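When a residue number appears, it is its place in the shown sequence, counting from 1. All figures in this text were calculated on a predicted structure; none of them were measured in a lab. Scope of the values below: all heavy atoms of this structure, side chains included, with no hydrogens, waters or symmetry mates.
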Amino acid sequence: MYIPPTLILKQAAVLVGFKHATKWSGFSRWMPNLMNLLKISAGAVGMGCFGYPIHPVYEVTSDCNLRCLHCHARGGERWRDELDTVKAKKIIQNLTTVREFRTLVFTGGEPLVRRDIYELMRYASELGFYTVVATNATMITREVARKLKEVKIGGIAASIDFTDPDMHDKYRGVPGAFKAALKGISNAQKEGLYIQVNVTISQRNVNQLRGLLMLADKLGAHVILLYQLIPSGRGEKLFNETLSPESFKTLINQLHEIQSKVNPVTVPVGLPEYFAYLTKSMNLSLKLSSYIFSGCIAGRGMFYIKPNGDVWPCAFLPIRTGNLLEKSALEIWRSSTFNMFRDRDNLKGVCRSCSYREVCGGCRARAYAYTGDPLASDPCCPFQRTTQPISIIEKT
(Lines give C-alpha, C1' and ligand atoms only; values in the text may rest on other atoms or scores of the structure.)
Protein backbone atom coordinates (compact mmCIF):
# COMPACT_ATOMS: atom_id res chain seq x y z
CA MET A 1 0.00 0.00 0.00
CA TYR A 2 1.25 3.45 -0.92
CA ILE A 3 2.66 5.53 1.93
CA PRO A 4 2.76 9.23 0.97
CA PRO A 5 6.06 10.95 1.86
CA THR A 6 4.02 13.66 3.62
CA LEU A 7 2.62 11.00 5.96
CA ILE A 8 6.10 9.78 6.89
CA LEU A 9 7.13 13.38 7.55
CA LYS A 10 4.11 13.85 9.79
CA GLN A 11 4.97 10.66 11.70
CA ALA A 12 8.49 11.99 12.23
CA ALA A 13 7.15 15.36 13.39
CA VAL A 14 4.83 13.66 15.88
CA LEU A 15 7.73 11.65 17.29
CA VAL A 16 9.88 14.77 17.57
CA GLY A 17 7.05 16.57 19.35
CA PHE A 18 6.58 13.65 21.73
CA LYS A 19 10.32 13.54 22.40
CA HIS A 20 10.35 17.25 23.19
CA ALA A 21 7.36 16.95 25.55
CA THR A 22 8.54 13.89 27.46
CA LYS A 23 12.36 13.97 27.13
CA TRP A 24 12.08 10.50 25.59
CA SER A 25 15.56 9.23 24.74
CA GLY A 26 14.85 5.81 23.26
CA PHE A 27 15.33 6.61 19.58
CA SER A 28 18.43 4.40 19.50
CA ARG A 29 16.21 1.37 20.11
CA TRP A 30 13.93 2.36 17.26
CA MET A 31 16.68 2.95 14.71
CA PRO A 32 17.61 -0.70 13.94
CA ASN A 33 13.93 -1.51 13.31
CA LEU A 34 12.91 1.86 11.91
CA MET A 35 11.65 0.69 8.50
CA ASN A 36 9.44 -1.94 10.09
CA LEU A 37 8.11 0.61 12.59
CA LEU A 38 7.33 3.08 9.80
CA LYS A 39 5.39 0.40 7.97
CA ILE A 40 3.42 -0.57 11.08
CA SER A 41 2.52 3.08 11.72
CA ALA A 42 1.75 3.61 8.04
CA GLY A 43 -1.73 4.94 8.67
CA ALA A 44 -0.61 7.41 11.31
CA VAL A 45 -2.12 10.87 11.46
CA GLY A 46 -1.00 11.77 14.99
CA MET A 47 -0.58 10.23 18.41
CA GLY A 48 -3.57 9.32 20.55
CA CYS A 49 -5.10 6.48 22.50
CA PHE A 50 -3.87 3.14 21.12
CA GLY A 51 -0.79 4.94 19.79
CA TYR A 52 -0.76 5.97 16.15
CA PRO A 53 -4.18 6.17 14.46
CA ILE A 54 -5.64 5.23 11.92
CA HIS A 55 -5.96 1.44 11.93
CA PRO A 56 -8.56 -1.32 12.01
CA VAL A 57 -8.40 -3.99 14.72
CA TYR A 58 -9.97 -7.38 14.00
CA GLU A 59 -11.02 -9.52 16.97
CA VAL A 60 -10.81 -12.77 15.03
CA THR A 61 -11.98 -14.86 17.99
CA SER A 62 -13.17 -14.43 21.55
CA ASP A 63 -11.80 -17.88 22.35
CA CYS A 64 -8.73 -17.84 24.57
CA ASN A 65 -6.35 -20.09 26.50
CA LEU A 66 -6.48 -17.69 29.48
CA ARG A 67 -9.36 -16.37 31.60
CA CYS A 68 -8.39 -12.76 32.37
CA LEU A 69 -10.52 -11.05 34.99
CA HIS A 70 -10.67 -7.73 33.12
CA CYS A 71 -11.13 -8.92 29.52
CA HIS A 72 -13.34 -6.56 27.49
CA ALA A 73 -13.85 -9.34 24.92
CA ARG A 74 -14.82 -11.90 27.59
CA GLY A 75 -12.01 -14.11 26.34
CA GLY A 76 -12.78 -17.82 26.59
CA GLU A 77 -16.51 -17.24 26.09
CA ARG A 78 -16.61 -18.06 22.39
CA TRP A 79 -19.09 -16.34 20.09
CA ARG A 80 -21.38 -18.83 18.39
CA ASP A 81 -21.44 -16.71 15.23
CA GLU A 82 -17.66 -16.38 14.87
CA LEU A 83 -16.84 -16.24 11.16
CA ASP A 84 -15.21 -19.11 9.29
CA THR A 85 -12.14 -18.71 7.09
CA VAL A 86 -13.99 -17.69 3.93
CA LYS A 87 -16.06 -15.02 5.66
CA ALA A 88 -13.11 -13.79 7.73
CA LYS A 89 -11.21 -13.24 4.46
CA LYS A 90 -14.20 -11.27 3.15
CA ILE A 91 -13.91 -9.03 6.20
CA ILE A 92 -10.22 -8.43 5.55
CA GLN A 93 -10.82 -7.84 1.83
CA ASN A 94 -13.59 -5.36 2.71
CA LEU A 95 -11.12 -3.27 4.73
CA THR A 96 -9.23 -2.41 1.54
CA THR A 97 -12.12 -0.08 0.59
CA VAL A 98 -10.76 2.49 3.08
CA ARG A 99 -7.55 3.96 1.68
CA GLU A 100 -6.44 5.19 5.13
CA PHE A 101 -6.30 1.60 6.41
CA ARG A 102 -2.73 0.37 5.93
CA THR A 103 -2.07 -1.50 9.18
CA LEU A 104 -4.26 -4.34 10.48
CA VAL A 105 -4.09 -5.65 14.04
CA PHE A 106 -5.28 -9.18 14.79
CA THR A 107 -6.60 -9.57 18.33
CA GLY A 108 -8.91 -11.70 20.47
CA GLY A 109 -9.48 -13.43 22.88
CA GLU A 110 -6.25 -15.04 21.83
CA PRO A 111 -5.88 -14.96 18.02
CA LEU A 112 -3.30 -17.76 18.02
CA VAL A 113 -5.93 -20.31 19.09
CA ARG A 114 -7.62 -19.98 15.67
CA ARG A 115 -6.50 -22.87 13.48
CA ASP A 116 -6.58 -20.71 10.36
CA ILE A 117 -4.87 -17.67 11.88
CA TYR A 118 -1.70 -17.96 9.78
CA GLU A 119 -3.81 -18.24 6.63
CA LEU A 120 -5.67 -15.06 7.59
CA MET A 121 -2.44 -13.25 8.43
CA ARG A 122 -0.83 -14.28 5.15
CA TYR A 123 -3.93 -13.17 3.25
CA ALA A 124 -3.85 -9.74 4.91
CA SER A 125 -0.18 -9.36 4.04
CA GLU A 126 -0.84 -10.36 0.44
CA LEU A 127 -3.48 -7.63 0.22
CA GLY A 128 -0.82 -5.14 1.31
CA PHE A 129 -1.62 -4.66 4.99
CA TYR A 130 1.16 -4.28 7.53
CA THR A 131 0.13 -6.62 10.32
CA VAL A 132 0.48 -6.91 14.09
CA VAL A 133 -0.87 -9.59 16.42
CA ALA A 134 -2.13 -8.64 19.89
CA THR A 135 -1.54 -11.69 22.05
CA ASN A 136 -1.00 -12.84 25.63
CA ALA A 137 2.27 -14.28 24.19
CA THR A 138 1.98 -17.55 26.12
CA MET A 139 1.65 -19.59 22.92
CA ILE A 140 4.63 -18.07 21.08
CA THR A 141 7.15 -20.89 20.89
CA ARG A 142 10.19 -20.55 18.62
CA GLU A 143 8.25 -22.41 15.92
CA VAL A 144 5.25 -20.07 16.28
CA ALA A 145 7.56 -17.03 16.18
CA ARG A 146 9.08 -18.33 12.93
CA LYS A 147 5.61 -18.86 11.46
CA LEU A 148 4.64 -15.30 12.36
CA LYS A 149 7.73 -14.08 10.57
CA GLU A 150 6.92 -16.25 7.53
CA VAL A 151 3.43 -14.74 7.16
CA LYS A 152 4.98 -11.27 7.45
CA ILE A 153 3.66 -10.26 10.85
CA GLY A 154 5.53 -7.08 11.68
CA GLY A 155 5.32 -7.39 15.44
CA ILE A 156 3.48 -8.50 18.53
CA ALA A 157 1.58 -6.61 21.22
CA ALA A 158 1.99 -8.76 24.34
CA SER A 159 0.23 -8.33 27.69
CA ILE A 160 2.04 -8.04 31.04
CA ASP A 161 0.07 -6.66 34.00
CA PHE A 162 2.23 -7.27 37.07
CA THR A 163 5.90 -7.51 37.95
CA ASP A 164 4.98 -10.26 40.41
CA PRO A 165 4.42 -13.60 38.58
CA ASP A 166 1.80 -14.87 41.03
CA MET A 167 -0.26 -11.68 40.80
CA HIS A 168 -0.07 -11.77 37.00
CA ASP A 169 -1.15 -15.41 36.89
CA LYS A 170 -4.09 -14.77 39.22
CA TYR A 171 -5.25 -11.82 37.09
CA ARG A 172 -4.85 -13.85 33.90
CA GLY A 173 -6.58 -16.89 35.37
CA VAL A 174 -3.96 -19.55 34.55
CA PRO A 175 -0.85 -20.61 36.53
CA GLY A 176 2.42 -20.11 34.67
CA ALA A 177 1.04 -17.36 32.39
CA PHE A 178 3.72 -14.85 33.41
CA LYS A 179 6.66 -17.16 32.72
CA ALA A 180 5.16 -18.30 29.42
CA ALA A 181 4.52 -14.69 28.31
CA LEU A 182 8.12 -13.66 28.96
CA LYS A 183 9.35 -16.66 27.00
CA GLY A 184 6.98 -15.86 24.15
CA ILE A 185 8.17 -12.25 23.97
CA SER A 186 11.77 -13.46 23.91
CA ASN A 187 11.00 -15.87 21.06
CA ALA A 188 9.35 -13.10 19.04
CA GLN A 189 12.29 -10.80 19.65
CA LYS A 190 14.73 -13.43 18.39
CA GLU A 191 12.85 -13.42 15.08
CA GLY A 192 13.28 -9.65 14.81
CA LEU A 193 9.62 -8.80 15.40
CA TYR A 194 8.58 -5.41 16.72
CA ILE A 195 7.71 -5.68 20.44
CA GLN A 196 4.89 -3.81 22.09
CA VAL A 197 3.90 -4.45 25.70
CA ASN A 198 0.32 -3.83 26.81
CA VAL A 199 -0.35 -3.13 30.48
CA THR A 200 -3.78 -2.73 32.07
CA ILE A 201 -3.57 -0.37 35.04
CA SER A 202 -6.00 -0.55 37.97
CA GLN A 203 -5.91 -0.19 41.72
CA ARG A 204 -4.32 -3.65 41.84
CA ASN A 205 -1.10 -2.68 40.10
CA VAL A 206 -0.84 1.11 39.92
CA ASN A 207 1.84 0.94 42.63
CA GLN A 208 3.89 -1.24 40.24
CA LEU A 209 3.88 1.32 37.41
CA ARG A 210 7.59 2.09 37.52
CA GLY A 211 8.53 -1.58 37.76
CA LEU A 212 6.22 -2.50 34.87
CA LEU A 213 7.69 0.15 32.57
CA MET A 214 11.21 -0.90 33.51
CA LEU A 215 10.30 -4.56 32.87
CA ALA A 216 8.88 -3.73 29.43
CA ASP A 217 12.06 -1.79 28.67
CA LYS A 218 14.16 -4.80 29.72
CA LEU A 219 12.06 -7.02 27.44
CA GLY A 220 13.05 -4.86 24.47
CA ALA A 221 9.69 -3.14 23.91
CA HIS A 222 9.52 -0.35 21.33
CA VAL A 223 6.11 0.80 22.57
CA ILE A 224 4.08 0.39 25.76
CA LEU A 225 0.32 0.87 25.66
CA LEU A 226 -0.80 1.67 29.19
CA TYR A 227 -4.47 0.67 29.24
CA GLN A 228 -6.70 2.09 31.96
CA LEU A 229 -9.16 -0.42 33.35
CA ILE A 230 -12.48 0.51 31.76
CA PRO A 231 -15.55 -1.34 33.09
CA SER A 232 -16.39 -3.09 29.83
CA GLY A 233 -16.98 -6.78 29.11
CA ARG A 234 -15.84 -8.94 32.02
CA GLY A 235 -14.20 -5.82 33.43
CA GLU A 236 -17.63 -4.59 34.52
CA LYS A 237 -17.19 -6.76 37.63
CA LEU A 238 -14.03 -4.82 38.51
CA PHE A 239 -15.74 -1.44 38.54
CA ASN A 240 -14.49 -0.65 42.04
CA GLU A 241 -10.89 -1.25 40.95
CA THR A 242 -10.87 1.55 38.38
CA LEU A 243 -8.76 4.62 39.17
CA SER A 244 -10.19 7.85 40.56
CA PRO A 245 -9.56 11.28 39.00
CA GLU A 246 -6.91 11.97 41.66
CA SER A 247 -5.23 8.66 40.90
CA PHE A 248 -5.23 9.52 37.19
CA LYS A 249 -3.51 12.83 37.96
CA THR A 250 -0.82 11.02 39.94
CA LEU A 251 -0.45 8.43 37.17
CA ILE A 252 0.04 11.13 34.52
CA ASN A 253 2.73 12.87 36.56
CA GLN A 254 4.53 9.59 37.23
CA LEU A 255 4.33 8.50 33.60
CA HIS A 256 5.75 11.80 32.41
CA GLU A 257 8.62 11.50 34.87
CA ILE A 258 9.41 7.84 34.06
CA GLN A 259 9.19 8.26 30.26
CA SER A 260 12.57 10.01 30.10
CA LYS A 261 14.17 6.99 31.79
CA VAL A 262 12.90 4.20 29.51
CA ASN A 263 13.39 3.39 25.83
CA PRO A 264 9.81 2.46 24.80
CA VAL A 265 7.37 5.17 23.78
CA THR A 266 4.62 4.90 26.41
CA VAL A 267 1.08 5.89 25.50
CA PRO A 268 -1.95 5.70 27.82
CA VAL A 269 -5.13 4.11 26.48
CA GLY A 270 -8.35 5.40 28.02
CA LEU A 271 -6.58 8.47 29.42
CA PRO A 272 -6.56 11.05 26.61
CA GLU A 273 -6.07 13.76 29.23
CA TYR A 274 -2.36 12.86 29.06
CA PHE A 275 -2.16 14.63 25.71
CA ALA A 276 -3.68 17.77 27.20
CA TYR A 277 -1.03 17.53 29.92
CA LEU A 278 1.77 17.22 27.34
CA THR A 279 0.37 20.15 25.35
CA LYS A 280 0.49 22.35 28.42
CA SER A 281 3.93 21.11 29.46
CA MET A 282 5.27 21.87 25.97
CA ASN A 283 3.73 25.35 25.92
CA LEU A 284 2.43 24.48 22.47
CA SER A 285 -0.33 26.39 20.78
CA LEU A 286 -3.51 24.34 20.76
CA LYS A 287 -3.68 24.50 16.96
CA LEU A 288 -0.16 23.12 16.55
CA SER A 289 -0.69 20.50 19.23
CA SER A 290 -3.83 19.24 17.50
CA TYR A 291 -1.66 18.22 14.54
CA ILE A 292 0.48 16.09 16.85
CA PHE A 293 -1.96 14.68 19.40
CA SER A 294 -5.36 13.14 18.71
CA GLY A 295 -6.49 12.16 22.22
CA CYS A 296 -9.41 9.75 22.17
CA ILE A 297 -9.57 8.02 18.77
CA ALA A 298 -12.94 6.28 19.16
CA GLY A 299 -14.54 6.52 15.73
CA ARG A 300 -11.73 8.83 14.62
CA GLY A 301 -8.83 6.43 14.30
CA MET A 302 -10.10 3.15 15.74
CA PHE A 303 -12.21 0.72 13.69
CA TYR A 304 -12.89 -2.30 15.89
CA ILE A 305 -14.27 -5.49 14.35
CA LYS A 306 -15.94 -8.18 16.44
CA PRO A 307 -15.74 -11.93 15.64
CA ASN A 308 -19.07 -11.86 13.74
CA GLY A 309 -18.10 -8.85 11.60
CA ASP A 310 -19.84 -6.17 13.67
CA VAL A 311 -17.95 -2.87 13.88
CA TRP A 312 -17.56 -0.72 17.00
CA PRO A 313 -15.94 2.74 17.24
CA CYS A 314 -13.58 1.40 19.95
CA ALA A 315 -12.79 -1.91 21.62
CA PHE A 316 -14.35 -0.58 24.83
CA LEU A 317 -17.32 1.14 23.22
CA PRO A 318 -19.97 -1.49 22.38
CA ILE A 319 -21.98 0.52 19.86
CA ARG A 320 -22.77 -1.55 16.78
CA THR A 321 -22.28 0.62 13.71
CA GLY A 322 -22.75 -1.99 11.00
CA ASN A 323 -21.51 -5.39 9.88
CA LEU A 324 -18.79 -5.91 7.28
CA LEU A 325 -20.70 -8.79 5.69
CA GLU A 326 -23.55 -6.37 4.99
CA LYS A 327 -21.84 -3.02 4.40
CA SER A 328 -18.53 -1.83 3.02
CA ALA A 329 -15.88 -0.70 5.46
CA LEU A 330 -15.91 2.67 3.69
CA GLU A 331 -19.64 3.08 4.31
CA ILE A 332 -19.20 2.36 8.02
CA TRP A 333 -16.07 4.53 8.24
CA ARG A 334 -18.08 7.44 6.83
CA SER A 335 -21.23 6.66 8.81
CA SER A 336 -23.08 9.15 10.99
CA THR A 337 -21.94 7.30 14.13
CA PHE A 338 -18.25 7.61 13.28
CA ASN A 339 -18.69 11.20 12.11
CA MET A 340 -20.41 11.99 15.40
CA PHE A 341 -17.17 11.25 17.25
CA ARG A 342 -15.01 13.14 14.77
CA ASP A 343 -16.79 16.44 15.39
CA ARG A 344 -16.05 17.43 18.97
CA ASP A 345 -18.73 20.10 18.81
CA ASN A 346 -20.97 17.13 19.60
CA LEU A 347 -19.41 16.61 23.02
CA LYS A 348 -21.37 17.65 26.09
CA GLY A 349 -20.69 19.41 29.37
CA VAL A 350 -17.13 20.15 30.44
CA CYS A 351 -15.59 18.19 27.54
CA ARG A 352 -17.39 20.39 25.01
CA SER A 353 -16.22 23.66 26.56
CA CYS A 354 -12.68 22.49 27.43
CA SER A 355 -9.95 24.35 25.55
CA TYR A 356 -8.02 21.08 25.18
CA ARG A 357 -10.85 19.13 23.59
CA GLU A 358 -9.14 18.74 20.19
CA VAL A 359 -6.03 17.15 21.72
CA CYS A 360 -7.97 15.15 24.31
CA GLY A 361 -11.74 14.84 23.89
CA GLY A 362 -12.20 12.80 27.07
CA CYS A 363 -12.54 9.03 27.07
CA ARG A 364 -15.71 8.21 25.13
CA ALA A 365 -15.72 4.59 26.35
CA ARG A 366 -15.55 5.65 29.99
CA ALA A 367 -18.31 8.21 29.47
CA TYR A 368 -20.47 5.47 27.97
CA ALA A 369 -19.65 2.95 30.71
CA TYR A 370 -20.54 5.40 33.47
CA THR A 371 -23.49 7.23 31.93
CA GLY A 372 -24.76 5.34 28.89
CA ASP A 373 -24.00 8.44 26.76
CA PRO A 374 -20.78 8.25 24.70
CA LEU A 375 -20.80 12.04 24.23
CA ALA A 376 -21.05 12.91 27.93
CA SER A 377 -18.17 14.51 29.79
CA ASP A 378 -15.48 12.10 30.88
CA PRO A 379 -16.57 11.48 34.48
CA CYS A 380 -13.00 10.78 35.65
CA CYS A 381 -11.17 13.72 34.08
CA PRO A 382 -8.26 14.51 36.43
CA PHE A 383 -8.07 18.19 35.44
CA GLN A 384 -11.67 19.39 35.21
CA ARG A 385 -14.32 19.18 37.91
CA THR A 386 -17.15 17.05 36.59
CA THR A 387 -20.28 15.75 38.18
CA GLN A 388 -19.70 12.07 38.85
CA PRO A 389 -22.87 10.34 37.63
CA ILE A 390 -24.34 7.23 39.13
CA SER A 391 -22.93 4.36 37.13
CA ILE A 392 -25.29 2.35 34.99
CA ILE A 393 -23.10 -0.64 35.79
CA GLU A 394 -23.96 -2.80 38.75
CA LYS A 395 -21.04 -2.45 41.14
CA THR A 396 -19.96 -5.89 42.32
TODO: Give a yes or no on this: more than 12 heavy atoms of other residues, nucleotides or ligands lie within 6.0 Å of atom CZ of Arg342.
DONE: yes

TODO: First locate atom NZ of Lys306, then atom CG of Asp81, and finally report the distance between them rounded to the nearest 0.5 Å.
DONE: 10.5 Å

Open item on the list: Measuring centre to centre across the rings, with the benzene-like ring taken for any Trp, is Phe303 within less than 6.0 Å of Phe338?
Closed with: yes

Open item on the list: Other residues, nucleotides and ligands only: do more than 12 of their heavy atoms fall within 6.0 Å of NZ on Lys190?
Closed with: yes

TODO: Would you check if the side chain of Asn187 reaches a backbone N or O of Ile140 as a donor-acceptor pair within less than 3.5 Å?
DONE: yes

Open item on the list: I'd like to know whether Phe293 forms a side chain to side chain contact (heavy atoms under 4.5 Å, CB included) with Tyr274, so could you lay out the CA-CA distance, the side-chain angles of the two residues, the decisive distance to 0.1 Å, and finally the verdict.
Closed with: CA-CA 10 Å; Phe293 301 130; Tyr274 184 61; over 6 Å; no

Task: Tyr123 side chain to Gln93 side chain, donor-acceptor N/O pair below 3.5 angstrom - done: yes

Open item on the list: I'd like to know if Asp217 pairs up with Arg29 as an ion pair, taking the criterion as any Lys NZ or Arg NE/NH1/NH2 lying under 4.0 Å from an Asp or Glu carboxylate oxygen.
Closed with: yes

Open item on the list: With a 6.0 Å cut-off (strictly less than), is the heavy-atom count around NZ of Lys280, excluding the residue itself, greater than 12?
Closed with: no

Task: side-chain contact (heavy atoms from CB on, under 4.5 Å) involving Lys23 - partner list, sequence neighbours excluded - done: Ser260

Task: Lys261 bridged to Glu257 by N-O distance under 4.0 Å - done: yes

- [ ] Please confirm whether the backbone N or O of Met340 pairs with a side-chain atom of Asn346, one donor and one acceptor, at under 3.5 Å?
- [x] yes

Open item on the list: Does atom CD (Glu326) have a neighbourhood of more than 12 heavy atoms from anything else shown, all under 6.0 Å?
Closed with: yes

Open item on the list: Donor-acceptor check, side chain of Thr61 to backbone of Gly109, threshold 3.5 angstrom: yes or no?
Closed with: no

Task: Short side-chain to backbone donor-acceptor contact, Gln203 and Asn240, under 3.5 Å - done: yes

- [ ] Spell out, as yes or no, whether a donor-acceptor pair under 3.5 Å connects the side chain of Thr97 to the backbone of Leu330.
- [x] yes

Open item on the list: Let me confirm one number: the CZ-CD distance from Arg142 to Glu191, rounded to the nearest 0.5 Å.
Closed with: 5.0 Å

Task: Check: Glu246 main-chain N/O paired with Thr250 side-chain donor or acceptor under 3.5 Å - done: yes

Open item on the list: Can you tell me which residue among Thr135, Asn65, Thr138 is in a side chain to side chain donor-acceptor pair (under 3.5 Å) with Glu110?
Closed with: Thr135

Task: Cys363 and its side chain to side chain contact (heavy atoms under 4.5 Å, CB included) partner, picked from Cys296, Pro272, Pro374 - done: Pro272

Open item on the list: Just by distance, no angles: are the side chains of Asp378 and Tyr370 close enough, under 3.5 Å, to form a donor-acceptor pair?
Closed with: no

TODO: Identify the residue among Arg114, Lys89, Lys147 that makes a salt bridge (charged side-chain N to carboxylate O under 4.0 Å, His left out) with Glu119.
DONE: Lys89

Task: Verify same cluster id: Val265, Tyr291 (apolar side-chain graph, 4.5 Å) - done: no

TODO: Might you confirm whether atom NZ of Lys19 has over 12 heavy atoms from other residues, nucleotides or ligands at distances under 6.0 Å?
DONE: yes

